[in-house]
Amino acid sequence: LWENVMYADLDHDGVLDSVEVIAGNREVEDEDDTDDAERWVNSLVERVSLMNKESSEKENLSQRLQKTPLCHVLALSGVPIKEELFSASLCGTKRDHEDMHPSVNMIEAPPLAVEPFHSKKGWDIILAVNTGTVHRFQGSSGRRQWELVGKHYEDFPTWSDESNVALSRIGSKNVIPSTRPILLAGENSLAILSARRGKVLASASFPQRSISRPILAYVYGSRTTDDFVM
């Protein structure tokens, strides 16, 4: 199994799937020098290069493949990998944040698998990146269910190190699992998000920057997430 990759049976077919966020400038490598996973990344780079509207018309494909910016999620099926389930962009899907161009500084939170609304089987995926966006994808089809642009909120979580960000659920025995709120905590603040609609329910700034990943805990033994430790 690969590091920094989330594994789950997304479509409930009995086969282990993997979800990875791929960001920064990527080059297509020689197939003889790549492993099984990199071949699927190469395929994504080639598709993005062909669709990149910012590329000069004078540039040929080989030039564009030398340095293609990626800001994508890639879901693959099987260990070893048998097929691609879906891929999708995590940047530039809304006009009001087209300036959030992917760069080597884009850092993702660890992906979060949540119970789907449409079915009792499989998983949906929540993805957050420090460009200020959070996405929910249907795990079985890759359909984007919602996208949240955090730059509309002054205290929306940001982070410069993946070890300082947490993406988790607010647990409660009295709340249906698929509707349990999402907690995103960065270095400067935290935000509680609606799992169904992707709206900010509440947010709070920290008195100082966090230096490690927050830990959710049942502080008072009430079976509801009471607090977190920085």
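Reckoned from all heavy atoms, side chains included, excluding hydrogens, waters and symmetry mates.
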Query - Partner of S77 under side chain to side chain donor-acceptor pair (under 3.5 Å), chosen from D9, D17, D11 - result: D17
Query raised in the report: In terms of hydrophobic clusters joined by side-chain contacts under 4.5 Å, are L201 and L183 together?
Result: yes
Requested in this report: State, with a plain yes or no, whether a side-chain heavy atom of H72 is found less than 4.5 Å away from one of L44.
Outcome: yes
Query raised in the report: Do the non-hydrogen side-chain atoms of R136 and D124 ever get within less than 4.5 Å of each other?
Result: yes
Query raised in the report: Can a cation-pi geometry be assigned to R196 and F117, taking NZ or CZ under 6.0 Å from the six-membered ring centre and within 45° of the ring axis?
Result: yes
Query raised in the report: Is there a side-chain contact (heavy atoms from CB on, under 4.5 Å) between V134 and L127 once you walk through the steps?
Result: CA-CA 6 Å; V134 186; L127 297 165; over 6 Å; no
Query - Cationic N near anionic O, under 4.0 Å, E84 to R39 - result: no
Query - Spatial distance of atom CD (E108) from atom CG (N130) [nearest 0.5 Å] - result: 8.5 Å
**Report entry** Flag, side chain of R180 to backbone of R169, donor-acceptor distance under 3.5 Å
**Finding:** no
Query raised in the report: Within a radius of less than 6.0 Å around CD of E154, do more than 12 heavy atoms belonging to other residues, nucleotides or ligands occur?
Result: no
Query - Salt-bridge present (K121, E115; N to O < 4.0 Å) - result: no
**Report entry** R143 CZ to F86 CZ distance, which is reported to the nearest 0.5 Å
**Finding:** 12.0 Å
**Report entry** N/O donor-acceptor pair under 3.5 Å between W123 side chain and L112 backbone
**Finding:** no
Report task. Mind checking the CD1-CZ spacing from I211 to R209? Nearest 0.5 Å is all I need. Result -> 11.5 Å
Query raised in the report: Going from NE2 on H12 to OG on S140, what distance comes out if it is rounded to the nearest 0.5 angstrom?
Result: 11.5 Å
Report task. State whether the side chain of H135 and the backbone N or O of L90 hold a donor-acceptor pair below 3.5 Å, judged by distance alone. Result -> yes
Query raised in the report: Short question: side chain of E187, backbone of S160 - any donor-acceptor pair under 3.5 Å?
Result: yes
Query raised in the report: Which is it for T158 and N188 under the side-chain hydrogen bond (donor to acceptor under 3.5 Å, both in side chains) test, yes or no, and what are the steps along the way?
Result: CA-CA 6 Å; T158 61; N188 63 318; 3.3 Å; yes
Query raised in the report: Is there a side-chain contact between I107 and V129, using heavy atoms and a 4.5 Å cut-off?
Result: no
Query raised in the report: If you group Ile, Leu, Val, Met, Phe, Trp and Tyr by side-chain heavy-atom gaps below 4.5 Å, do W159 and Y153 land in one group?
Result: yes
**Report entry** Atom of P116, atom of G122 and distance for their closest heavy-atom approach
**Finding:** CD-O, 3.4 Å
**Report entry** I126 and L167, any side-chain heavy atoms less than 4.5 Å apart
**Finding:** yes
Requested in this report: Would you please test I192 and I182 for side-chain contact (heavy atoms from CB on, under 4.5 Å) and show each step?
Outcome: CA-CA 6 Å; I192 299 175; I182 298 162; over 6 Å; no
Requested in this report: Compare every heavy atom of A109 with every heavy atom of V165, then report the nearest pair and how far apart it is.
Outcome: CG2-CB, 3.6 Å
Query raised in the report: Which heavy atom in S210 sits nearest to a heavy atom in G186, and how many Å separate them?
Result: OG-O, 3.2 Å
Report task. Scan side-chain atoms only and decide if S203 and D155 contain a donor-acceptor pair under the 3.5 Å cut-off. Result -> yes
Query raised in the report: Under a single-linkage definition using a 4.5 Å side-chain heavy-atom cutoff for Ile, Leu, Val, Met, Phe, Trp and Tyr, are V79 and V5 assigned to the same hydrophobic cluster?
Result: yes
Query raised in the report: Do the side chains of V19 and L10 get nearer than 4.5 Å, heavy atoms only?
Result: yes
Requested in this report: Would you indicate whether the side-chain heavy atoms of C71 and M106 approach each other to under 4.5 Å?
Outcome: yes
Query raised in the report: Where do L16 and A8 come nearest, in terms of heavy atoms and distance?
Result: CD1-N, 3.8 Å
Query raised in the report: Which heavy-atom pair separates A195 from S178 by the least distance, and what is that distance?
Result: CB-O, 3.8 Å
**Report entry** W146 side-chain N/O to K199 backbone N/O, donor-acceptor pair under 3.5 Å
**Finding:** no
Query - Any L184 side-chain heavy atom under 4.5 Å of F156 side chain - result: yes
Requested in this report: For residues T133 and E147, determine if any side-chain heavy atom of one lies less than 4.5 Å from a side-chain heavy atom of the other.
Outcome: yes
Query raised in the report: Could you give the distance from OG (S141) to CG (L85), rounded to the nearest 0.5 Å?
Result: 10.0 Å
Query - Over all atoms of both residues, closest heavy-atom pair of A88 and R144 - result: CB-NH2, 4.2 Å
